[in-house]
S.K.: 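I have a structure here, written as C-alpha cells, and I will follow up with some questions on it.
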Amino acid sequence: MTPVGSTLLGVPELPEVETVRTQLAPAVEGRTVEALEVRDPLWCSPAAPAELAAAVNGRRVERLARRGKYLIWTLREEVHLVMHLRMTGNLLLVDADEDSDERSYLRVRVRLDDGRRVLFVDPRRFGTGIVLLGDAALADYLAARLGIEPLTPEFSVDALRALAKGRRTPIKAFLLDQRRIAGVGNIYADEALFRARIHPFRETGTLKPRQLAALRDAVVESLALGIDSRGATIDDFRDIDGARGSFQDAFLVHRREGEPCPVCGRTIRKLRAAGRGTYVCERCQPRPRAARRAAPSGTSSKVA
DNA sequence: AGGTCGGCCTGGCAGC
DNA sequence: TGCTGCCAGGCCGACC
C-alpha cells in the first residue's frame, strides 16, 4: 500500500493537502476513472452519489490541483471533482488486492482504469465532495470561498495590507478566514503569529506595516516548512512513532502548552481565539492593551 | 454587512 | 470499572 497523506496528527491544512496532491498526481493524471463509489451519501450531500458517478465515470483525469485546502480533480470536458478533507479526511492509494469494503471509515472509492484505487477514509465524516460542471462553475465555487493563495506572488505585503486595512477582527480570526487567505488553519496560524511576534488577539487593522510584512513572511515560511516536513515524514508513515516525532518537532508553539518558549523560555500558554485552541508565548507576543482585560485564558486553568 | 456562534461528526479521554 | 459528557476544529448557515 502506498499511503498518501495522514491525519494521525493534526488537521490537514494547506501543506498536507499539497503533499497529498504531489503524491497522488502521478498516479491519477492521465488515468480514467472507471467508477466513483460514494459509500457515504453524507460526503456529497445534498447531491446523490449516483449523480457524481454519472458525471465522473469514464472520464480521463487531466490534472490534480490544489486551491487552499481543496483538492481538485479536473477531468475531461471541464468536469471537476472537488474534495475537502476537513478534519480527519485521508486519501490512500491502494492496489485492488489491498482494497476491501471492510476497511474502517471508508467513505469513497475511486477506481482507476489501471486497477488501482484512491480511497477517501474519514472517521469523523466531515470530509466532502462535489462535482462542478464547467470551468466557470469551478471558478465561482472557489472564488466564493477562497482568497489569496499564500504561496504565490499574489500574496504580497501590499495585498496583505489591503486585506487588513480597517479590520477590527482579531488577527487569528483573520488568518483563519479562508476568504482572505486560503489554506491557513489553526496550526499554521499559531506558528505564523509566533514567528511574526504578534499576539492572536491583536486587532488586524492596527498592525504596523512592518508587522504585516513580518506576518506575510511568517505565513509563507510556516507553510513551506510544513510542506517540507510533511514530505520528510510521508515515507515512513507506516511507522507511526517516526512520523509523529518529525511532524511535531517542526512546530514552535502549537500544542506545546506548558513547555518553554523556544526563543525566550517563557511558558507557552493555551488561549482561546476565534473559538480555537490557540498557543502563544506572551513575552514574545505581547498581549494588546485592549485585550488585556478580556478573559485571560481559554481551556487551561493551569498557567505556570 | 461584517463579525460571532452553534451545528455537523465521532474518537478519545477526563471525571465522576 | 464503566459510563457520561465534553473536547477537538474547518466550514457553513443563522443570527445580530
Side-chain angles (χ1 to χ4, degrees), chain A residues 5-18 20 38-47 66-72 82-91 103-108 120-130 132 140-147 150 162-193 200-206 223 226 240 244 247-248 251 254-258 270-279 290-291 294-295 297-302:
Chain A
S6 161
T7 57
L8 288 177
L9 295 148
V11 171
E13 302 188 22
L14 187 155
E16 273 176 325
V17 180
E18 178 61 23
V20 167
V38 179
R39 305 176 78 247
D40 179 0
L42 182 64
W43 189 77
C44 59
S45 174
R66 178 194 58 76
R67 176 81 168 86
K69 303 174 198 171
Y70 289 90
L71 191 67
I72 304 158
V82 181
M83 296 180 171
H84 199 301
L85 301 173
R86 295 286 184 105
M87 300 291 297
T88 53
N90 196 6
L91 286 171
R103 181 183 293 273
S104 298
Y105 314 123
L106 176 61
R107 307 294 174 207
V108 177
F120 194 112
V121 178
D122 185 10
R124 295 268 289 279
R125 302 176 68 201
F126 272 30
T128 58
I130 186 174
L132 298 167
D140 289 349
Y141 183 87
L142 297 176
R145 290 163 176 78
L146 301 178
L163 287 176
K165 186 176 182 184
R167 305 225 77 95
R168 306 212 57 192
T169 194
I171 185 62
K172 170 107 187 207
F174 175 88
L175 287 176
L176 293 178
D177 186 344
Q178 304 297 296
R179 292 167 301 178
R180 315 290 174 197
I181 304 165
V184 178
N186 200 37
I187 294 170
Y188 292 94
D190 281 0
E191 293 298 299
L193 287 172
F201 291 168
R202 179 67 182 269
E203 198 174 297
T204 302
T206 68
L223 293 174
I240 292 172
R244 174 169 293 162
F247 195 64
Q248 280 193 330
F251 299 114
H254 192 79
R255 291 183 195 177
R256 293 194 180 278
E257 181 185 20
K270 182 178 184 181
L271 312 175
R272 182 156 286 266
R276 302 290 181 275
T278 299
Y279 299 83
S297 143
T299 55
S300 168
S301 56
K302 295 186 292 294

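Note that the structure is a prediction, hence the values are computed from the model and not measured. Letters go in sequence order (proteins before strands), and every chain restarts at 1.
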S.K.: Do the side chains of A/Thr128 and A/Met83 get nearer than 4.5 Å, heavy atoms only?
M.R.: no
S.K.: Mind grabbing the angle between the end helix axes of the helix from B/dG2-C/dC16 to B/dC16-C/dG2? Five pairs an end, 10° rounding.
M.R.: 60°
S.K.: Reading DNA chain B from 5' onward, which residue's closest nucleotide shows up sooner: A/Arg107 or A/Pro170?
M.R.: A/Pro170
S.K.: Would you indicate, yes or no, if C/dG9 has its OP1 or OP2 atom less than 4.0 angstrom from a side-chain nitrogen or oxygen of A/Lys69?
M.R.: no
S.K.: Check the distance between C/dC7's C1' and A/Phe126's CZ and give it to me in whole angstrom.
M.R.: 12 Å
S.K.: Name the residue from A/Leu271, A/Thr278, A/Ile171 that meets the side chain to side chain contact (heavy atoms under 4.5 Å, CB included) definition with A/Phe201.
M.R.: A/Leu271
S.K.: Suppose we screen for salt bridge (Lys or Arg N to Asp or Glu O under 4.0 Å). Which residues come up paired with A/Lys172, at least two apart in sequence or across chains?
M.R.: A/Asp190
S.K.: Taking A/Glu191 for the side chain and A/His254 for the main chain, is one N or O donor matched with an acceptor at less than 3.5 Å?
M.R.: yes
S.K.: Please determine whether a side-chain nitrogen or oxygen atom of A/His84 lies at a distance below 4.0 Å from atom OP1 or OP2 of C/dC11.
M.R.: yes
S.K.: Among residues at least two apart in sequence or on other chains, which ones pass side-chain hydrogen bond (donor to acceptor under 3.5 Å, both in side chains) with A/Arg86?
M.R.: none
S.K.: Any heavy-atom pair between the side chains of A/Leu85 and A/Leu91 that's under 4.5 Å?
M.R.: yes
S.K.: Against the six-membered ring of A/Tyr105, is A/Arg103 placed for a cation-pi contact (under 6.0 Å from the centre, within 45° of the normal)?
M.R.: no
S.K.: Round to the nearest Å and state the distance from A/Arg276 atom CZ to C/dG9 atom P.
M.R.: 7 Å
S.K.: For DNA chain C, what residues of residues 173-186 of chain A have any heavy atom nearer than 4.0 Å?
M.R.: A/Gln178, A/Asn186
S.K.: Between atom CG in A/Asp122 and atom C1' in C/dA8, what is the gap in whole Å?
M.R.: 14 Å
S.K.: Where does the chain A footprint on DNA chain B start and end, counting 5' to 3' with a 4.0 Å heavy-atom cut-off?
M.R.: B/dG2 to B/dG11
S.K.: Could you check whether any side-chain heavy atom of A/Leu176 comes within less than 4.5 Å of a side-chain heavy atom of A/Phe174, counting everything from C-beta outward?
M.R.: no
S.K.: Using a 4.0 Å heavy-atom cut-off, does A/Arg125 contact any base of the nucleic acid, only the sugar-phosphate backbone, or nothing at all?
M.R.: sugar-phosphate
S.K.: Take the protein atom OH of A/Tyr279 and the nucleotide atom C1' of C/dG9, then report the distance between them rounded to whole Å.
M.R.: 12 Å
S.K.: Could you tell me how far apart A/Met87 (CE) and C/dC11 (P) are, to the nearest whole angstrom?
M.R.: 10 Å
S.K.: Flag this pair as yes if the NZ/CZ of A/Arg124 is under 6.0 angstrom from the six-membered ring centre of A/Phe126 and inside a 45 degree cone about the axis; otherwise no.
M.R.: yes
S.K.: Main chain of A/Thr206, side chain of A/Arg202: is a donor-acceptor contact present, judged purely on distance under 3.5 Å?
M.R.: yes
S.K.: Which residues pass the side-chain hydrogen bond (donor to acceptor under 3.5 Å, both in side chains) test with A/Gln178, not counting sequence neighbours?
M.R.: none
S.K.: Rounded to the Å, how far apart are A/Glu13 CD and C/dG9 C1'?
M.R.: 10 Å
S.K.: Any side-chain N or O of A/Arg145 less than 4.0 Å from the OP1 or OP2 oxygen of C/dC12?
M.R.: yes
